[in-house]
There are 4 protein chains.
Amino acid sequence: MRKKPTRAAVAKAASNEPAPGEAVTAPASSRATRAAKRRAAIVEAAMEEFIARGFAATRLDDIAKRAGVAKGTIYLHFKDKESMFEELVRIVIVPVVARLTALPPPTGSVRDLIEGIAGHFLKEMIGTRRGDLVRLIVAEGPRFPSVADFYYREVVSRGLASMRALIELGIARGEIHQNSLARYPQILIAPAMIAVIWQSLFARHAPLDAQDMLRVHLDLIFGERRTT
Amino acid sequence: MRKKPTRAAVAKAASNEPAPGEAVTAPASSRATRAAKRRAAIVEAAMEEFIARGFAATRLDDIAKRAGVAKGTIYLHFKDKESMFEELVRIVIVPVVARLTALPPPTGSVRDLIEGIAGHFLKEMIGTRRGDLVRLIVAEGPRFPSVADFYYREVVSRGLASMRALIELGIARGEIHQNSLARYPQILIAPAMIAVIWQSLFARHAPLDAQDMLRVHLDLIFGERRTT
Amino acid sequence: MRKKPTRAAVAKAASNEPAPGEAVTAPASSRATRAAKRRAAIVEAAMEEFIARGFAATRLDDIAKRAGVAKGTIYLHFKDKESMFEELVRIVIVPVVARLTALPPPTGSVRDLIEGIAGHFLKEMIGTRRGDLVRLIVAEGPRFPSVADFYYREVVSRGLASMRALIELGIARGEIHQNSLARYPQILIAPAMIAVIWQSLFARHAPLDAQDMLRVHLDLIFGERRTT
Amino acid sequence: MRKKPTRAAVAKAASNEPAPGEAVTAPASSRATRAAKRRAAIVEAAMEEFIARGFAATRLDDIAKRAGVAKGTIYLHFKDKESMFEELVRIVIVPVVARLTALPPPTGSVRDLIEGIAGHFLKEMIGTRRGDLVRLIVAEGPRFPSVADFYYREVVSRGLASMRALIELGIARGEIHQNSLARYPQILIAPAMIAVIWQSLFARHAPLDAQDMLRVHLDLIFGERRTT
DNA sequence: GATGAATGAGAATTCATTCAT
DNA sequence: CATGAATGAATTCTCATTCAT
């Protein structure tokens, strides 16, 4: 799931105790921390570049420049461009997964729950790095099956499972009347996905109020709200 | 100092013999016809390659090989790789636009109308070149604004306008009860789009019955059908 | 996925062993020194090739081969072929300019002065790289206005100014009787230029004794020497 | 001396009598004439292009376009680019040679004679195609020995012989006092050559009054004119 | 560990030349 | 004869990857 942690990374973790008798000014972390920071900088920079240009058109040179490291340094952290890309997606997606798993405090109506989750999701996605990441995966998926696989396994299937659970809860509570919806939790997600893609492609032609669209869509599922 | 009969040339020479017994009226292919065929072959090949690899990773060499022409021939038809890509999208999209415009024979219920259209759309899109084209545009759009623009202008805006018209008709006829839906025809389209993208990314993990999902989604909008 | 020790790299590694018994003080060539040597090698090689074939017909590949570096290395030093050519001319011309500026120790007769200068000039130019450079500039000047400009500014205008000064000195001292000559210092130079061009074009048909021709020309200006 | 006249040219000259009984509206010339015109157009166009861009950088496509013929037509008249260039120079130079040979109507003083000839030469050369041709030969000579050879044989050696004859006449008549000048007729020509080259390289920096410079130079040889 | 100069395979593009029409 | 579409060798330039310092 996580890839082989790179020779270098391992070495880093293992060795590099300050030589005995050497001044240990910067407490403990020193080397290891700096390395970690570098790695983070590379990941961050790479993500920006990959999103902006796609895999093939991204130059390691630019990543290095943006990350403030030398080109060679990248190879201390990643085997090559391809595995960098694959690891990258993993690294960036993990926190998303965490949030997905740390599900909802099941209070209030199912609609409010979903509206809250989806609203939050949209806020995080629209016009954000994260939203672009989705587009990146759509774009490069076919050439990086392992990325598509990972994304499906970690994000899509889990997300859909959560949605399905919520839908079933809604049905059980009588909030949702259409039983068959549980078969296609994708329908619940679809407008949000569309909104994300819309932003990066057509925002300048026709801005889209994703939150409002979400509400309309939920009205479809839960029935229109009484504005009372 | 150059030249040699070339596999392609040979093949062409061979294939152009009219089948025995066939009328030899038109002196085989006129020069213009030949050129047109070549061009079509290039377009076809290029589309395959671009879809399979994305813009940057596609080699003109491969396009040429697949189209059965020499590399240089491509440059007789297209200025360079970029404009080839841009023109390509236009060329392939135009027939789609035509079909969009030649819209509905307004018979029967709005639901049947939409189900017919969307069903046809899905059948044409899923697992087809055309579906992949959508993914390609999503993937390359940000780096080819002119492509995104064109697609928005010719396909998206028109398609949405049609959908909006249908929704309004549905509302007027009392088939659709949620007026606000007319504000977001995207919602009508969303599941179909999702299905298209799903196919090219996740089909092997979890096949998706797009037609069935469409029905469920329409049930959401029009109310569930009595199975009577 | 790349690499291989490369003839050049091997050669370099071999040649850099300090000769046995040689002082090994300076740790061979520092990185900077190496780079400078490489650059010099490229400049040298490029000059040879450009002179031999002209700008358009020169292949970067050949320059690289002759310089003993990889093709890509050239691009670490020069933006592209054109700017390489332009910089090259500058680089090669600068020392010439220096010598032009470090004028003459004004001893003896003006004629002797000029004969000394021009003789030296001819010795340096005829059958030398430097002479060919002049031809190269004549050849490529129209397509490289910046080169022609540079050459005019740095060499031609300065050279003519020096000549004019000498002519005026000659007039003042009564060695030159034709005042109008100061208007056209080009006349002083002309035979030398002709000689330079002659060498590279017609030497094998009819060798030209440039030094002797120069003497005859100076006789024209200063009056024939008494052979006493 | 002249190259093989090209299969096509020969054929053209030989055959193409109008078919008997055919209307001979456009008298005699018809085919042959048109071909000759074409050829002339190609020569003219090629000369323009070669002068403007040099041999290597000139595209046959551009020559064809400028000449108003198809690219293939060029190959009916010339074997390939190289021999086209070589023949071209010959073709353009021949009339020059003719004029050189049809030399002097030996009237008046030698100085007037030379001033007339050189003046005419300058008028024809400066800022003209013909002047640029000289530069072209200087530029491409080393890569086209046959061109340099031809030019030397037909133009340079003859021109110098003429000059030498004139100088000797001048010496015999007492107009020229420096006997050694006859050894280097190049000196007589040098300023004119310089002027020609100057025009195409430095004219925009510093215009040069070639005729005036010529006069000053002749004053050097013949003594200053009394303005009486 | 870091660096970045060097490498050279690879890709886009050009253009002289051919040849079917 | 003329044409110009087609060819593909040749050339420039890029960039992932390596490795000496």
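Throughout, protein chains are lettered first and strands after them, A, B, ... in sequence-line order, and every chain is numbered starting at 1.
- Interface residues of residues 46-57 of chain B facing DNA chain E, ordered by number: none; criterion, heavy-atom separation under 4.0 Å.
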Quiz item: Under a cut-off of 3.5 Å for both distances of each Watson-Crick or G-U pair, what dot-bracket string does DNA chain F give, using [ ] for crossing pairs and | for inter-strand pairs?
Solution: .||||||||||||||||||||
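- At a threshold of 4.0 Å, the pair D:Glu44-D:Arg39 does not count as salt-bridged, since none of the basic side-chain nitrogens sits closer than that to a carboxylate oxygen.
- Residue B:Lys71 places a side-chain atom within donor-acceptor reach of the base of E:dT13, judged by atom type and a 3.5 Å distance cut-off alone.
- When distances run from any side-chain atom of A:Leu60 to the nucleotides E:dA12, E:dT3, F:dA16, the shortest one goes to F:dA16.
- Computed from coordinates, the A:Lys65 NZ to E:dT3 C1' distance equals 14 Å when rounded to whole Å.
- Taking atom CZ of A:Arg59 as the reference point, atom P of F:dA16 lies 8 Å away to the nearest angstrom.
- The distance between atom CG of D:Asp61 and atom P of F:dG4, rounded to the nearest whole Å, is 11 Å.
- Atoms CG and CD1, on B:Leu76 and B:Ile42 in that order, are 8.0 Å from each other to the nearest 0.5 Å.
- Here the CD atom belonging to A:Glu82 is positioned 9.0 Å from the OG atom belonging to A:Ser146, to the nearest 0.5 angstrom.
- In this structure, A:Lys37 places its NZ atom 17 Å from C1' of E:dA2, rounding to the nearest Å.
- A donor-acceptor pair under 3.5 Å is formed between the side chain of D:Asp80 and the backbone N or O of D:Ser83.
- A heavy atom lying under 4.0 Å from DNA chain E marks the following residues of residues 72-83 of chain B, by number: B:Tyr75, B:Asp80, B:Lys81.
- D:Arg38 has a side-chain polar atom (N or O) that falls below the 4.0 Å cut-off from OP1 or OP2 of F:dT3.
- Note on A:Glu48 versus A:Arg53: no salt bridge recorded, every NZ/NE/NH1/NH2 to OD/OE distance being 4.0 Å or above.
- Taking a cutoff of 4.0 Å between a charged side-chain nitrogen and a carboxylate oxygen, A:Arg143 and A:Glu140 qualify as a salt bridge.
- Here B:Arg34 does not reach the OP1 or OP2 of F:dA6: none of its side-chain N or O atoms lies under 4.0 Å away.
- A:Phe144 has its ring centre less than 6.0 Å from the ring centre of A:Phe55.
- Taking atom CD1 on C:Ile63 and atom C1' on F:dT11, their separation rounds to 12 Å, with Å as the unit.
- With values rounded to the nearest 0.5 angstrom, D:Asp61 atom CG is found 13.5 Å from D:Arg66 atom CZ.
- A side-chain donor-acceptor contact under 3.5 Å links A:Lys81 to the backbone of A:Thr58.
- In this structure, CD1 on A:Ile63 lies 13.0 Å from OG1 on A:Thr73, to the nearest 0.5 angstrom.
- A distance of 6.5 Å separates CG of C:Leu88 from CZ of C:Phe50, quoted to the nearest 0.5 Å.
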